[in-house]
Amino acid sequence: MNLKINETGRINGVNPYQRNVENRDTSVDKKKQRDQLSISSEARIMLEEHNQVQDPKRMERIAELKKAVSTGTYHVEANKLAEKLAPYFKSFVDPGDSK
């Protein structure tokens, strides 16, 4: 059996990954590219409204809740929690179900 190998230097010539990296480096000018952020007008309005709402009662209540949670004295009332979650779980129950 005779095996003939031609053009041994060609092995490094076929590397698609290297070609992609080389093409990307030459076509991209890194000095000209910058990250950009665009915010829609609706989101901008929502952000402004959110920042303007500085209800003192609300801020006081939030501070109280944060303090209670951090000190471990916050108590969850199971009945109120169940009342709030019941409609959510009922939406998954088929009205024709007899369970």
Co-members of the apolar cluster containing Ile39 [side chain, <4.5 Å]:
Leu37
Which ILVMFWY residues can you reach from Leu47 by hopping between side chains whose heavy atoms are under 4.5 Å apart?
none
So if you build clusters from Ile, Leu, Val, Met, Phe, Trp, Tyr with side-chain heavy-atom gaps below 4.5 Å, do Ile62 and Val76 land together?
no
Rounded to the nearest 0.5 Å, what separates atom CE in Met46 from atom OG in Ser40?
8.5 Å
Nearest 0.5 Å please: distance from the NE2 atom of His50 over to the CD atom of Glu48.
12.5 Å
Residue set satisfying ring pair (Phe, Tyr, Trp, His ring centres under 6.0 Å) with Phe89, at least two apart, ordered chain then number -> none
Could you tabulate the donor-acceptor pairs under 3.5 Å formed by side-chain atoms of residues 63-72, not counting sequence neighbours?
unit_1: Ser70; atom_1: OG; unit_2: Lys66; atom_2: O; d: 3.1
unit_1: Ser70; atom_1: OG; unit_2: Lys67; atom_2: O; d: 3.0
unit_1: Thr71; atom_1: OG1; unit_2: Lys67; atom_2: O; d: 2.9
unit_1: Thr71; atom_1: OG1; unit_2: Ala68; atom_2: O; d: 3.3
unit_1: Thr71; atom_1: OG1; unit_2: Thr73; atom_2: OG1; d: 3.0

Show me the pairs that pass side chain to side chain donor-acceptor pair (under 3.5 Å) and involve residues 74-87, at least two apart or across chains.
none
